[in-house]
2 protein chains.
Amino acid sequence: MISKNLTAASTKPIILGILQQGNSYGYLIIKKIKELSGGKMKYSDGMLYPVLHKLEKDGMIVSNWVMANETRPRKYYEITDLGKEALLIEKEQWSQINSVLNELWGMSPNKN
Amino acid sequence: MISKNLTAASTKPIILGILQQGNSYGYLIIKKIKELSGGKMKYSDGMLYPVLHKLEKDGMIVSNWVMANETRPRKYYEITDLGKEALLIEKEQWSQINSVLNELWGMSPNKN
DNA sequence: TAAAATACATAGAATTACAAAGTATATAGA
DNA sequence: TCTATATACTTTGTAATTCTATGTATTTTA
């Protein structure tokens, strides 16, 4: 299982990334993350929904209820332009951190 | 500046990575991180020292005071075998997260 | 008809991060 | 000589966040 800190750091880019590929709703996003990570990340609903609410409050995503005929109502989320910008910033930050870590890890140890 | 979450997630692997390259002390570690990240990450002392104390409590690192003749005493830290193991686990988790994010970001958007 | 899956929501306890304040010495500059 | 800055480590307290637990309700499967 992925550590708490890494999970927290990746929640926003993962959700925005999923919605960039197409609209989705909470329950499905949870399953998608589990599937994408091969079971290494599991969000409970109590963890994910508040994050979605916050992202909506911050204007990163917008929601609308969809009443499909055969099933229960679902709250579909869509990424906004602001959300797409935020995703780009996230990507850049991940790349920056990765270069720091790679620089550190790429060097041979104990040369002091 | 790197986001709070990403900073939190990378603190442990960065510190352990720095100590893997050779013993160091708090003040120098702070400067090293700033330098490594090109100024994108800045730890205050109030942020870093408690993390060092926790890593020591968890057995990842050990410390000893060094009284150099010309300067103030410094508390040098050294990575332990447990810390080296933890670093390997960290590396693996970062690689897992990166593959999830790359899978998500590598796909072309809005194909729904 | 019972259990499991689908679907969303939120209160509040528990944790955690980190700014701020404290101690102390050395050095550079005015 | 005096002051400001840099070096070096520590801890307290609170602000913010996290996520467990709990609640509601419908549908599907066994």
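Here the structure is a predicted model, which means the values were calculated and not measured. Naming: A, B, ... by sequence-line order, numbering from 1 per chain.
- Where A:Ala8 and B:Pro73 meet DNA chain D, the nucleotide closest to each residue was compared, and B:Pro73 sits on the side nearer the 5' end.
- The distance between atom CD1 of A:Ile2 and atom P of D:dT18, rounded to the nearest whole Å, is 18 Å.
- Between B:Ala9 and B:Glu90, the shortest heavy-atom contact is O-OE1, 4.4 Å.
- Contact record, B:Met60 with B:Ala86: SD-CB, 3.5 Å, taken as the closest heavy-atom pair.
- Atoms NZ and CG, on B:Lys40 and B:Leu6 in that order, are 13.0 Å from each other to the nearest 0.5 Å.
- Here the closest non-hydrogen pair linking B:Ile79 and B:Leu16 is CD1-O, 3.7 Å.
- The side chain of B:Tyr77 has D:dT10 as its nearest neighbour among C:dT16, D:dT10, D:dA8.
- Going from atom CH2 of B:Trp65 over to atom P of D:dA8 covers 11 Å, rounded to whole Å.
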With side-chain contact (heavy atoms from CB on, under 4.5 Å) as the criterion, how do A:Trp94 and B:Leu101 come out once you've worked through the C-alpha distance, each side chain's angles and the decisive distance to 0.1 Å?
CA-CA 9 Å; A:Trp94 275 86; B:Leu101 291 177; 3.7 Å; yes

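- Rounded to a whole Å, the CD1 atom of B:Ile30 is 13 Å from the P atom of C:dC18.
- Between A:Leu28 atom CG and C:dA5 atom P the separation is 16 Å, expressed in whole Å.
- Whole-Å rounding puts the A:Asn5 CG to C:dT16 P distance at 9 Å.
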Given the rule in the side-chain hydrogen bond (donor to acceptor under 3.5 Å, both in side chains) test, do B:Thr7 and B:Tyr43 qualify, once you have shown the distances and angles that lead to the verdict?
CA-CA 9 Å; B:Thr7 301; B:Tyr43 285 87; 5.2 Å; no

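- One finds the NZ atom of B:Lys54 at 3.5 Å from the CG atom of B:Asp58 (value rounded to the nearest 0.5 Å).
- When rounded to the nearest whole Å, the span between NZ of B:Lys31 and C1' of D:dC9 equals 15 Å.
- Between A:Arg74 atom CZ and C:dT6 atom C1' there is a gap of 8 Å when expressed in whole angstrom units.
- In the region residues 41-63 of chain A, proximity to DNA chain D at under 4.0 angstrom, judged on heavy atoms, holds for A:Ser44, A:Gly46, A:Met47.
- For A:Tyr27, taking side-chain heavy atoms from C-beta onward, the closest of the listed nucleotides C:dA26, C:dA7, D:dT27 is C:dA7.
- Remark: C1' of D:dT24 and CZ of A:Arg72 are 13 Å apart, rounded to the nearest angstrom.
- Checking D:dT17, D:dA8, C:dC8 against every side-chain atom of B:Lys4, the shortest atom distance belongs to D:dT17.
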